[in-house]
Amino acid sequence: MSPIFRLTDLTRFSILCTGILFGSCSHKLAPEGHFQSTAVVADGRADDWSLPLRFSDANYTLQYNVTNDDKNVYVCIASREESAQMRMLQAGMNIYFDPKGEKNKEIAITYPLRKQPDPERNIRGRNGDPIPGGGESIDSRKEKLLLESDYYSTTGFQDIENGQFAVADIKSPIRMAMKLNNNDSLLVYEVVIPIKNIIGTGLTPKSLKKNFSVGIVLNSVPGQAVRNNNVARRQPNFGIRGMGGMGMRGGRGGGGGSSAHTPDVKEEDNWYQFRLVTK
């Protein structure tokens, strides 16, 4: 075989190896996110956002959107659904930030913090008769939980200590707010986080080429056995009546009653993968 043919074969082999190498190293880039042309003020109002928000959970009870500008990442979460609102307020939420575009949970904000259930709080029985401790209206309960949502915790951020911070702490670089808008019954949660505290730098050509993920996680809800006229049932422990039928009726009437055992409400993960953008 002539040297020309040997050189041609070698060239083809080199091209083939190069293609295999590139194919093994390349990865699919996520879509570009939305640039926030006007900075969001974290005040618990949806005025800075286009409604409905861009994404929702599987049950369409939770809406959310994530945007960025040259300095900050903005997250808005909203719900009109009563059980979702109570879950946000009572069980709390985690927002995770993964600069590698995966689903790692090393960088997180927890807000509002989980509230301890009130052991004295019960609900009305099946026949409508009030049980002691169950006279508080759901709107009053929400307002009380909102007032108690005055701290958040951080984990894994650059130049921010792990620990708890007051929402009103002006020294913290993170701004957040949550408010129930009585006109349209919309619970709005907003948070503003400097990009440098997530990725360690500002936006750079390198960071713009990488995938970025945000995870919005509703915490799990432990069930609670509630007695109604000698019948026991287990429902999510929100401390209010109904909760969208999430509890399960069970047991048999008469005697001392019997127990219904249903699974607790599990943690709900919602992840959004995208690339940070610049104007």
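What's counted below: heavy atoms across the whole structure, side chains too, no hydrogens, waters or symmetry copies. Treat the numbers as computed from the prediction; the structure is a model and nothing was measured.
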Pairs under 3.5 angstrom only: tabulate donor-acceptor contacts from the side chains of residues 197-206 to other protein residues two or more places apart or in another chain.
from : atom 1 : to   : atom 2 : distance (Å)
N197 : ND2    : Q158 : O      : 2.8
T204 : OG1    : S207 : N      : 3.1
T204 : OG1    : S207 : OG     : 3.3

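Interatomic distance, CE of M176 versus CD1 of I193, reported as 7.0 Å (0.5 Å rounding). With rounding to the nearest 0.5 angstrom, the OG1 atom of T110 is 7.0 Å from the CG atom of N219. Here the CG atom belonging to L208 is positioned 11.5 Å from the CG atom belonging to L29, to the nearest 0.5 angstrom. Put simply, CD1 on I138 and OG on S83 are 9.0 Å apart, with the number rounded to the nearest 0.5 Å. Atom CG in L89 sits 13.0 Å away from atom NZ in K144 (nearest 0.5 Å). The structure places CG of L145 at 9.0 Å from CG of L147, a figure rounded to the nearest 0.5 Å.
For the pair T278 (side chain) and D69 (backbone), a donor-acceptor distance under 3.5 Å is absent. A donor-acceptor pair under 3.5 Å is formed between the side chain of D98 and the backbone N or O of N104. Judged by distance alone, the side chain of Q85 and the main-chain N or O of S79 form a donor-acceptor pair under 3.5 Å. With hydrogens and angles disregarded, no donor-acceptor distance shorter than 3.5 Å links the side chain of Q36 to the backbone of A39. No side-chain donor-acceptor contact under 3.5 Å links R54 to the backbone of L51. Not a single donor-acceptor pair under 3.5 Å links the side chain of K210 to the backbone N or O of P99. A donor-acceptor pair is defined here as one N or O able to donate and one able to accept, closer than 3.5 Å; no such pair exists between the side chain of N68 and the backbone of L276.
N181 places a side-chain heavy atom less than 4.5 Å from the side chain of R45. Side-chain contact check for K266 versus S220: every heavy-atom pair is 4.5 Å or farther apart. Looking at I107 and T155, their side chains never come closer than 4.5 Å, going by heavy atoms from C-beta outward. Side-chain contact between L180 and K142 is present, with at least one heavy-atom pair separated by less than 4.5 Å. The side-chain heavy atoms of I216 and M93, taken from C-beta on, include a pair separated by under 4.5 Å. A 4.5 Å side-chain heavy-atom check between N162 and F157 finds every atom pair outside the cut-off. Within the 4.5 Å cutoff, the side chain of R141 has heavy atoms near those of the M86 side chain. V214 has its side chain within reach of I95: a pair of non-hydrogen atoms, C-beta onward, lies under 4.5 Å apart.
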Report task. Could you give me the CA-CA distance, side-chain angles and deciding distance for Y151 and F165, then say whether ring-ring contact (aromatic ring centres under 6.0 Å, His included) is met? Result -> CA-CA 6 Å; Y151 277 85; F165 297 86; 9.3 Å; no
**Report entry** Chi angles and distances behind the side chain to side chain contact (heavy atoms under 4.5 Å, CB included) call for V188, K179
**Finding:** CA-CA 5 Å; V188 178; K179 185 175 181 179; 5.7 Å; no
Requested in this report: Would you sort out whether L113 and Q164 count as a side chain to side chain contact (heavy atoms under 4.5 Å, CB included), showing the intermediate values?
Outcome: CA-CA 10 Å; L113 300 179; Q164 292 188 5; 3.7 Å; yes
Query raised in the report: Under the side chain to side chain donor-acceptor pair (under 3.5 Å) criterion, do N270 and E268 qualify, and how do the steps go?
Result: CA-CA 7 Å; N270 301 279; E268 178 188 322; 3.1 Å; yes
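Closest approach of L186 to A78, counting heavy atoms only: CD1-CB, 3.9 Å. Residues R87 and L218 come closest through the heavy atom pair NH2-O, 3.6 Å. Here the closest non-hydrogen pair linking R175 and D169 is NH2-O, 3.0 Å. Heavy atoms only, all atoms of each residue included: C76 and E190 are closest at SG-CG, 4.2 Å. Nearest heavy-atom pair, G44 versus A177, reported as atom, atom and distance to 0.1 Å: N-CB, 3.6 Å. Contact detail for A84 and E81: the closest heavy-atom pair is N-OE1, 2.8 Å.
Donor-acceptor pairing under 3.5 Å is recorded for the side chains of D57 and T61. Between the side chains of K115 and S149, at least one donor-acceptor pair of N or O atoms lies under 3.5 Å. Residues R114 and Q90 bring no donor and acceptor atom of their side chains to less than 3.5 Å of each other.
Criterion: ILVMFWY side-chain heavy atoms under 4.5 Å apart, direct or through other members. Under it, V167 and M178 are part of a common hydrophobic cluster. In terms of hydrophobic clustering, with Ile, Leu, Val, Met, Phe, Trp and Tyr side chains grouped at heavy-atom distances under 4.5 Å, W49 and L187 are assigned to different clusters. Both I109 and L62 are part of a single hydrophobic cluster, where members link through side-chain heavy atoms under 4.5 Å apart. Hydrophobic clustering (side-chain heavy atoms under 4.5 Å, transitive across Ile, Leu, Val, Met, Phe, Trp, Tyr) keeps M88 apart from L53. Grouping the Ile, Leu, Val, Met, Phe, Trp and Tyr side chains by contacts below 4.5 angstrom, directly or via other members, places I174 with V73.
Other members of the hydrophobic cluster containing Y96, listed by chain and number, are V217, W271; membership follows side-chain contacts under 4.5 Å among ILVMFWY residues, whether direct or relayed.
Under 4.0 Å is where a charged nitrogen must lie from a carboxylate oxygen, and between D184 and R80 at least one such pair does. Between E267 and K105 there is a salt bridge, with a side-chain nitrogen of the basic residue lying less than 4.0 Å from a carboxylate oxygen of the acidic one.
Annotation: ring pair (Phe, Tyr, Trp, His ring centres under 6.0 Å) contacts involving residues 61-83, sequence neighbours excluded, comprise F55-Y64.
Here the two rings, on Y111 and Y189, have centers that are under 6.0 Å apart.
Heavy-atom neighbours of F35 CZ from other residues, nucleotides or ligands within 6.0 Å: above the threshold of 12.
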